[in-house]
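Single-structure report; data block below.
We name chains A, B, ... by the order of the sequence lines, and we start the count at 1 in each one. Keep in mind it's a predicted model, so treat the numbers as computed, not measured.
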Amino acid sequence: MSKDGKVRVRFAPSPTGALHIGGAHTALFNWLWARRSGGTFILRIEDTDALRSTAEYEDTIMAGLKWLGLDWDEGPDIGGEAGPYRQSERMDLYRKYADQLLESGLAYREDDAVIFKTPVGVNLVLDDAIYGEIKIQSEKASMSPDGSVKDIVIIKRDGMPTYNFAVVVDDHEMDINWVIRGEDHISNTPKQMLIYRALEWETPNFAHLPMILGKDKKKLSKRHGATSVFEYNDMGYLPDSVFNFLALLGWAPGGGVEIFDRGTAAKSFELSKVIKKPAVFDMDKLNFVNQEHLKIMDPAIKKKIVEPFWAELGLHPEKHSEQYLMDALTLMGARGRTTNELAMFSDYFVDFSPVKERYDASEISPEQRDTLKKFFALFMSIPKWKSQEMEAFARNWCETNGASLKEIALPLRWALTGRKVSPGVFEVAQLLGPDECRLRLKHFNFLD
RNA sequence: GGUCCCAUCGUCCAGCGGUCUAGGACACCGCCCUUUCAAGGCGGCGACACGAGUUCGAACCUCGUUGGGACCGCCA
């Protein structure tokens, strides 16, 4: 524990790519663990791979975390007492401790590198908060493929520390007391424990998270499609949903609750309740979670989020009032599982053009058209332009003319929306307003 | 090949020795509602990998088998 006993965790990505799903998952659980207890969440950039690290990637990662709503308390952009927060800016620290290891004879030089001698015969016990006790012999902590013991490089020939050395130094120096990371790091942990031991430092608590797998049950990677969190934004997923969905991978708040916000998750989060089994990333479930969040989202916020998707479709939401667009989305209800779909399915509220493109006159026979013309002529002169009035009028008319509601509701929907599917057609008509309805019906020759 | 890890419906989670003829959610399939489609309601399909133990009793404990995964870089 840190001096004041509070949780100090960190998310330590290397800026060699965008924030991907696996990283986001790890960051999320670190964040939850910090937030549930008023702890500190630190962002540390592990840029010791000078060739592949870029400032752009560092920015994308930070943007990705912000998008997900994972805010950090200390980091390269905001500083903090334990800074600097980029490993490339902490070189003196690594050198200092490498020298210490050199002096104590636990490490040696080879070329320009510093190599830690892997001890033999030490029993290591990793007490993982999720995986339980994992025992391993020190000589097995670092091996070559042929099974021989391998010493551990801690400073590379280019003077940069290796990952296994830098993490240990930084986690110790930054007073990190919980190391929460992916399960793929379990095999690295013994190596790191050896370094803690050599430097006579106390090890932090460890918690390894189950991997996230693709449908083929292999570690999630580029070939599984979307990897960057921003791709999910582009596909129409809300940050709230991605957060919610990711939190559900390996953990559940209990009580059958599946839809929740960040605060609720943080309140009930428990590392000990995280399961060990790797989880398959299931798009169907993400879609469901997204739809649920869309349902409970404030209309004003929803409108703001959907607007760019309408624009993307070549529509012009800016010509409508905020209220109109909000009403349209409210009317849409749970139709559409992504903001992308929602924008698409509601395009006729924004512009008439997509309706014209979709409309096919052959859907309606000449005889039908004659009947419909008679109906619409009366329909348009309804005194009160209210959906209930329209429906009552339509039902009444159908009854006296021996027609079914379908016979007029379907063509009306077709002419107004260019779709076979929409919210209640009279509500759509009400919102579009009499002028717009007249215009559309006229255009398709349902009115003279 | 070596080291380590994992193992409940197709998928995500419940279960932590008896209340399990194993529960919920997603997906899928029916039915209802209905001007369409969602939503909603009701119902269905569907799993403790296998084998030995331990125990009065095992999805839960132990061992083995099988299957899957991760890691074995002067990448992180």
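Judged by distance alone, the side chain of A:Ser53 and the main-chain N or O of A:Ala50 form no donor-acceptor pair under 3.5 Å.
The phosphate of B:C6 (OP1 or OP2) has a side-chain N or O of A:Lys276 nearer than 4.0 angstrom. Residue A:Arg337 places at least one side-chain N or O under 4.0 Å from the OP1 or OP2 atom of B:A27. Within the 4.0 Å cut-off from OP1 or OP2 of B:U36, not a single side-chain nitrogen or oxygen of A:Arg419 is found. Proximity of A:Lys295 to the phosphate of B:G40: a side-chain N or O atom is located under 4.0 Å from OP1 or OP2. Distances shorter than 4.0 Å separate some side-chain N or O of A:Thr48 from OP1 or OP2 on B:A76. For B:G2, neither phosphate oxygen OP1 nor OP2 lies less than 4.0 angstrom from any side-chain nitrogen or oxygen of A:Lys140. Between A:Lys218 and B:G69, a side-chain N or O to OP1/OP2 separation shorter than 4.0 Å is present. For the OP1/OP2 pair of B:U11 and a distance below 4.0 Å, the side-chain nitrogens and oxygens of A:Lys217 include at least one atom meeting the criterion.
The stretch residues 253-270 of chain A touches RNA chain B through A:Glu258, each having a heavy atom under 4.0 angstrom from the strand.
B:A27 and B:U19 have their P atoms separated by 32 Å, with the value rounded to a whole Å. B:A58 and B:G51 are spaced 14 Å apart, taking the P atom of each and rounding to whole Å. Between the C1' atoms of B:C26 and B:G44, the separation comes to 16 Å (whole Å). Spacing of C1' atoms, B:C20 relative to B:C63, comes out at 25 Å, to the nearest Å. For the P atom pair drawn from B:G23 and B:A70, the interatomic distance equals 33 Å after rounding to whole Å. Here the separation of B:A22 from B:G46, taken at their P atoms, is 11 Å to the nearest Å. Taking atom C1' in both B:A47 and B:U21, the straight-line distance is 14 Å, to the nearest Å. Rounded to the nearest Å, the gap between the P atom of B:C28 and that of B:C60 is 33 Å.
Remark: C1' of B:U34 and CZ of A:Arg413 are 11 Å apart, rounded to the nearest angstrom. Straight-line distance from the CZ atom of A:Arg52 to the P atom of B:G73: 15 Å, rounded to whole Å.
Ion pairing between A:Lys285 and A:Glu258 holds under the 4.0 Å rule for side-chain N and carboxylate O. Classification of A:Glu270 and A:Arg36 as a salt-bridged pair holds, one side-chain N sitting under 4.0 Å from a carboxylate O. Between A:Asp151 and A:Lys117, at least one side-chain nitrogen of the basic residue sits less than 4.0 Å from a carboxylate oxygen of the acidic one, meeting the salt-bridge criterion. A salt bridge is defined here as a Lys NZ or Arg NE, NH1 or NH2 lying under 4.0 Å from an Asp or Glu carboxylate O, and A:Arg90 with A:Glu173 fails to meet this definition.
Cation-pi contact between A:Arg419 and A:Phe345: absent, since separation from the ring centre below 6.0 Å together with deviation from the ring axis within 45° is not met.
As judged by a 4.0 angstrom heavy-atom cut-off over every strand, A:His185 is placed among the base-contacting residues. Among the heavy atoms of the strands, none lies under 4.0 Å from A:Ile115. A:Leu249 comes within contact range of the sugar-phosphate backbone alone, with a heavy-atom separation under 4.0 Å but no base atom that close. Using a 4.0 Å heavy-atom criterion, one finds that A:Asp112 contacts no nucleic acid atom at all. The residue A:Lys150 sits close only to the backbone: its heavy atoms come under 4.0 Å of sugar-phosphate atoms, none of a base. Among the atoms of the strands shown, base atoms are found under 4.0 Å from some heavy atom of A:Lys420. No engagement by A:Ser142 is indicated, since no non-hydrogen atom pair under 4.0 Å with the nucleic acid exists. Base engagement by A:Ser422 is indicated by at least one non-hydrogen atom pair under 4.0 Å involving a base atom. Across all strands shown, A:Ile136 has heavy atoms under 4.0 Å from sugar-phosphate atoms exclusively, and none from any base. Here A:Gly182 lies out of heavy-atom contact (under 4.0 Å) with every strand.
Counted within 6.0 Å of OH on A:Tyr57, heavy atoms from surrounding residues, nucleotides or ligands total 12 or fewer; the atom is thus considered open. Atom NZ of A:Lys356 has more than 12 neighbouring heavy atoms from other residues, nucleotides or ligands inside a 6.0 Å radius.
For A:His443 and A:Phe352, the ring centers sit closer than 6.0 Å to each other.
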Given protein heavy atoms under 4.0 Å, the one-letter contact record of nucleotides 59-67 of chain B, with B base, S sugar-phosphate only and - none, is simply ---------
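Residues A:Thr330 and A:Asp327 bring no donor and acceptor atom of their side chains to less than 3.5 Å of each other. For the residue pair A:Asp77 / A:Trp72, a side-chain donor-acceptor distance below 3.5 Å is found, with atom types taken as modelled.
Mapping A:Asn188 and A:Leu410 onto RNA chain B by nearest heavy atom places A:Leu410 at the nucleotide closer to the 5' end. Both A:Val280 and A:Gln291 lie close to RNA chain B; mapped to their nearest nucleotides by heavy-atom distance, the more 5′-ward contact belongs to A:Val280.
Across every strand in view, B:A49 sits in a pair with B:U65 that passes the Watson-Crick or G-U test at under 3.5 angstrom. Partner assigned to B:C12 is B:G24, using Watson-Crick or G-U wobble distances below 3.5 angstrom.
The list of salt bridge (Lys or Arg N to Asp or Glu O under 4.0 Å) pairs with a residue in residues 23-32 of chain A, not counting sequence neighbours, is empty.
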